[in-house]
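Since the structure comes first, as structure tokens, the remarks are kept for the end.
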Amino acid sequence: MTALAAISVFSLNAVAASAGPQAEVLHWWTSGGEAKSVAVLQQQFAGRGGAWTDMPVAGGGGDAAMTALRARVLAGNAPTAVQLKGPAIQEWYEEGVLADISSVAEAQHWADVLPASIAGHMKCDGHWCAAPVNVHRVDWIWANADILKQNGIEMPTTWDEFNAAADKLKAAGITPLAHGGQSWQDATVFETVVLGLGGAEFYKKALVDLDHDALTSDTMKAVFDQMRKLRGDVDANFSGRDWNLATAMVMNGEAAFQIMGDWAKGEFLAAGKEPGKDFLCRSTPGNGYLYNVDSFAMFNVEGDDKKAGQDLLAELIVGPSFQETFNLNKGSIPVRSDVSLDKFDSCAKTSAADMASSSADGSLLPSYAHGMALRGAQAGAITDVVTAHFNSDMSSDEAVQMLADAVANSM
Ligand code: GAL
């Protein structure tokens with residue numbers, strides 16, 4: 001009797017569990033800081049009775065994750081929720097595979113708490129199709145505080161100052177720039193140089209509007225000259241290195257600087273490092289702000305348990321408690337305008353203030369390197385040229401010609 005009772009209680013529980021919210025979540029958050037951040041969502045989801053199936057696909061910037069996604073959708077077996085950003089959301093929507101999450105968005109009043117520019121990325125034909133997680137800033141330089149102090153170097157405010165600091169460090173036998181030679185990392189550095197040397201209007205013309213004159217201009221040649229200079233600032237083993245290993249080089253005193261989005265701050269923080277003391281942050285030289293908003297899109301799936309999982313995930317992601325805890329770990333700032341920054345560090349506060357001022361003066365710009373500005377084919381065409389230039393002795397004249405051709409062929 002007792003055994004039977006136990007069995008029936010067990011099976012009741014099993015039924016109850018399987019009827020609860022379910023989610024298989026595809027993402028690329030596998031580094032120390034990233035894993036700590038996504039764990040916040042897993043915990044909150046489990047705390048509300050959800051069953052989470054993790055589908056992490058390692059690879060910074062998400063290229064490998066996007067390949068895995070395509071294979072799953074082609075096989076007719078889309079994950080429930082997917083880390084997806086910018087124009088890629090619209091591309092998947094056009095394939096007819098995204099779920100409508102408007103009922104959650106409306107019940108939670110997303111329109112009142114999200115900046116209009118960000119809400120625009122989350123909507124497909126007027127309805128909500130993705131839930132935004134954060135605002136990452138891409139145009140940052142991170143530095144090892146001790147190295148700069150020991151070498152009498154201030155955080156650079158112009159590219160000339162950066163170059164002078166790099167030369168001084170090299171003469172002292174120190175690697176100036178920690179870099180991982182992966183194409184998305186090359187693109188990340190490249191876009192900060194485009195913004196820095198060209199300014200906001202040039203950035204927009206070149207990397208958002210794909211204007212032929214901007215792509216072949218003397219300014220763009222100067223950008224490639226600067227990329228060539230930076231190529232000389234990296235160590236011999238940079239090829240293929242993951243971004244978080246480059247961050248670790250700065251942490252461990254093996255290199256002075258890294259140019260990377262503020263997910264790098266998530267790594268410093270996860271390792272117990274303090275901003276202003278162990279490491280320094282400053283926006284890359286120039287005026288403007290390159291934003292990179294992470295978000296999750298829900299795919300069309302069968303089953304009430306999965307649909308409940310999508311609704312719960314969407315609700316949690318934009319909820320104020322998740323927005324605070326997640327972003328404290330991730331290095332980004334909350335996407336909601338009503339979350340207090342009291343617990344955030346000085347880099348995050350700078351990010352929020354600069355985002356507001358750049359939004360006011362028109363220099364708040366989408367990151368092309370992180371899939372916010374262009375469709376995949378165009379972004380990929382640019383990145384191929386940036387990487388080909390960085391890893392060869394191609395001249396800046398050849399590079400701008402190749403850039404214009406690659407963009408034209410990708411249209
Ligand atoms: C970005 C993403 C960030 C961070 C980074 C490195 O594209 O938006 O959240 O994960 O890649 O993986």
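In each ligand, atom 1 is the first atom listed, and ligand 1 is the first ligand listed. All values reported here derive from a predicted model rather than from experimental measurement. One is the number of the first residue; the rest follow in order along the sequence.
The two atoms that bring Asp233 and Pro176 nearest to each other are O-CD, 3.2 Å, heavy atoms only. Looking at every heavy atom in both residues, Val135 comes nearest to Ser332 through O-CB, 3.3 Å.
Counted by atom type alone, Ser31 and Glu267 present one or more donor-acceptor pairs between their side chains at under 3.5 Å.
Here the heavy atom of the protein found nearest to atom 1 (C) of ligand 1 is His370 ND1, 3.5 Å. When hydrogens are left out, the protein atom nearest atom 8 (O) of ligand 1 is Asp294 OD1, 2.6 Å; that is the closest non-hydrogen contact. In terms of protein heavy-atom proximity, atom 6 (C) of ligand 1 is nearest to Glu34 OE2, 3.2 Å.
Using a 30° and 60° split on the angle between ring planes, Trp263 and Trp184 fall in the tilted class, from 30° to 60°. In this structure, Phe190 and Phe224 have tilted ring planes: the angle between them lies in the 30° to 60° band.
Each of the following atoms of ligand 1 lies closer than 4.0 Å to a heavy atom of Trp243: 6 (C), 12 (O). Annotation for ligand 1: atoms under 4.0 Å from non-hydrogen atoms of Asn292 are 1 (C), 2 (C), 7 (O), 8 (O). Residue Lys330 has at least one heavy-atom neighbour below 4.0 Å for each of these atoms of ligand 1: 3 (C), 4 (C), 9 (O), 10 (O).
In terms of N/O distances under 3.5 Å, ligand 1 is not approached by Gly60. Taking only nitrogen or oxygen atoms, main chain and side chain alike, Trp184 does not reach within less than 3.5 Å of ligand 1.
Between Met249 and Arg241, some side-chain heavy-atom pair lies under the 4.5 Å cut-off.
Screening Arg282, Lys349, Arg137 against Asp354 for a salt bridge (Lys or Arg N to Asp or Glu O under 4.0 Å) leaves a single residue, Arg137.
Residue contact check for ligand 1: Gly62 places no non-hydrogen atom closer than 4.0 Å to it.
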